[in-house]
Every structure is written in C-alpha cells, then in structure tokens.
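Scroll down for the structure; my scribbles are underneath it.
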Amino acid sequence: RAQAVVVPQYTTVNVSGTLNAPPWDGNSGGILAFDATDAVTGSGTITGNVAVTSAKVSPTSGTLAVTGNLTITSATTLEIDITGTTAGSGYDVITEAGGTAFARNGTLTVRLPGAFRPANTDTFTILTSNQTTTGQFSNVTSGRLNAFNAAGDVAGSFAINSGATS
C-alpha cells in the first residue's frame with residue numbers, strides 16, 4: 001500500500017505547542033510534512049524526524065524539541081538568541097532525540113538582542129542530542145564565533161566547545 005502526500009509550503013512555520021501526526025491506520029496518518037522556505041521558529045515540540053535543507057531554525061524564547069532525527073544541511077542556519085543565563089528562557093535551546101548521529105552542518109548565528117552581555121565564565125548549552133554529534137558549523141573558526149547585537153554589530157565572541165552529544 002502506498003500513500004501519496006501533498007506537502008504544504010509555508011514561508012515560516014512557528015511551533016507553539018506540539019506538531020505531530022496521527023499513527024498510520026492502514027489508510028492515512030503516519031507522516032507530518034511541511035516545507036518552510038524561510039524559517040522554522042518557536043518553542044515547542046515536533047514529533048518525528050525533521051529535515052531542514054535551506055531554511056533558518058530559530059527557537060524563540062525557549063526550547064525547540066525534535067523527538068526524532070534533526071537533519072540540517074550546509075545551507076541551514078541555526079539562530080540562537082541569548083538574553084540571560086537560564087536555558088529555555090534566557091537563551092534558546094534546540095534538542096533532538098533521534099536514532100542517528102546529529103551532524104553540525106550549516107552556520108550558527110548567536111545574537112545578543114538585548115542589554116545582556118555574558119561574563120567570561122558563562123556557558124550556554126544550545127544544542128543537545130541523545131546520539132553522538134559530528135562535524136562543525138562552517139562559520140566557527142578555530143573554535144570561535146562572533147555574536148551580534150540587534151543592529152547587526154559584533155557584540156562579543158564565543159568559544160564553541162562541541163561535546164559528544166552537544
């Protein structure tokens with residue numbers, strides 16, 4: 001049995017709860033598919049696998065959780081805002097709980113949109129996976145990345161440490 005799927009296209013998909021698909025019942029269900037041409041934003045949960053091929057992934061004031069595999073390509077940008085030191089409310093977090101290794105592809109943009117400026121001793125775990133992580137974001141040079149304020153000016157620099165699952 002085959003299932004034909006029409007994939008709706010949106011400019012931006014804002015997750016503000018849980019996106020999930022009903023289980024396959026032999027006739028329908030079992031898949032959640034959408035095409036975001038600009039961004040996947042919000043703080044909530046996407047149940048299933050997510051592949052982002054050219055859009056921006058940008059949690060907004062919280063945690064964007066993917067219960068399956070999160071796949072990003074070299075044309076994807078992960079955009080993280082930092083306004084404080086508390087995960088999920090002071091800075092954006094992306095979690096993924098898939099069954100395969102997570103590859104850090106694409107670019108990473110860190111923004112400091114408010115008055116908050118981190119201390120040299122502050123640390124921010126912005127991406128976690130229950131599997132190993134591989135690769136490096138293309139714009140991280142020698143383990144460092146510039147952060148930008150709301151005007152787009154360089155507002156600081158971060159040391160990027162990639163752990164086995166972050």
Side-chain angles (χ1 to χ4, degrees), residues 1-24 28-82 87-88 91-113 124-148 150 152 154 158 160-166:
R1 187 167 264 229
Q3 181 181 16
V5 178
V6 175
V7 178
Q9 187 177 67
Y10 305 96
T11 302
T12 300
V13 173
N14 184 23
V15 179
S16 63
T18 300
L19 295 177
N20 62 5
W24 173 254
S28 65
I31 189 170
L32 171 68
F34 58 84
D35 180 7
T37 59
D38 181 53
V40 177
T41 66
S43 57
T45 301
I46 302 174
T47 302
N49 297 327
V50 175
V52 182
T53 57
S54 63
K56 172 176 58 178
V57 177
S58 180
T60 50
S61 302
T63 300
L64 183 60
V66 176
T67 64
N69 296 316
L70 173 61
T71 304
I72 60 174
T73 68
S74 61
T76 303
T77 297
L78 296 184
E79 185 175 86
I80 302 295
D81 286 349
I82 298 177
Y91 63 93
D92 298 333
V93 177
I94 299 171
T95 65
E96 75 100 42
T100 61
F102 175 79
R104 291 180 293 267
N105 292 315
T107 59
L108 173 63
T109 299
V110 174
R111 299 183 327 148
L112 301 168
F124 306 92
T125 301
I126 59 172
L127 174 69
T128 63
S129 174
N130 67 333
Q131 299 294 320
T132 58
T133 57
T134 61
Q136 189 57 271
F137 296 107
S138 64
N139 60 330
V140 173
T141 306
S142 298
R144 300 212 59 85
L145 176 73
N146 286 330
F148 300 91
V154 175
F158 286 90
I160 305 296
N161 297 311
S162 301
T165 59
S166 64

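One is the number of the first residue; the rest follow in order along the sequence. Only this structure's heavy atoms are used, side chains among them; waters, hydrogens and symmetry mates stay out.
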Using every non-hydrogen atom in the two residues, find where [X] and [Y] come nearest and quote the distance to one decimal.
{"X": "V66", "Y": "G48", "value": "CG1-O, 3.3 Å"}
{"X": "N69", "Y": "E96", "value": "CA-OE1, 3.4 Å"}
{"X": "A87", "Y": "V93", "value": "CB-CG2, 3.9 Å"}
{"X": "S43", "Y": "S61", "value": "OG-O, 4.3 Å"}

Supply the atom-to-atom distance [X] [atom1] to [Y] [atom2], rounded to the nearest 0.5 angstrom.
{"X": "L78", "Y": "I72", "atom1": "CG", "atom2": "CD1", "value": "4.0 Å"}
{"X": "D81", "Y": "D92", "atom1": "CG", "atom2": "CG", "value": "5.0 Å"}
{"X": "I94", "Y": "S129", "atom1": "CD1", "atom2": "OG", "value": "12.0 Å"}
{"X": "I46", "Y": "L64", "atom1": "CD1", "atom2": "CG", "value": "5.0 Å"}
{"X": "R104", "Y": "T76", "atom1": "CZ", "atom2": "OG1", "value": "15.0 Å"}
{"X": "T109", "Y": "N139", "atom1": "OG1", "atom2": "CG", "value": "6.0 Å"}

Return yes if some donor-acceptor pair links the side-chain N/O of S74 with the main-chain N/O of G106 below 3.5 Å, else return no.
-> no
For F102, enumerate each residue passing the ring-ring contact (aromatic ring centres under 6.0 Å, His included) test, keeping only those at least two apart in sequence or located in another chain.
-> none
Compute whether any side-chain donor of one residue and acceptor of the other, for T41 and N14, lie under 3.5 angstrom apart.
-> yes
Between the side chains of T77 and T107, is a donor N or O closer than 3.5 angstrom to an acceptor N or O?
-> yes
Student check: side-chain heavy atoms of I126 and L108 closer than 4.5 Å | yes
Would you please test I82 and F158 for side chain to side chain contact (heavy atoms under 4.5 Å, CB included) and show each step?
-> CA-CA 12 Å; I82 298 177; F158 286 90; 3.8 Å; yes
Donor-acceptor pairs are to be reported for all side-chain atoms of residues 53-60 against protein atoms at under 3.5 Å, with residues two or more places apart or in another chain.
{"unit_1": "S58", "atom_1": "OG", "unit_2": "E79", "atom_2": "OE1", "d": "3.3"}
{"unit_1": "T60", "atom_1": "OG1", "unit_2": "G42", "atom_2": "N", "d": "3.3"}

F148 and V110: CA distance, side-chain angles, deciding distance, side chain to side chain contact (heavy atoms under 4.5 Å, CB included) verdict | CA-CA 7 Å; F148 300 91; V110 174; over 6 Å; no
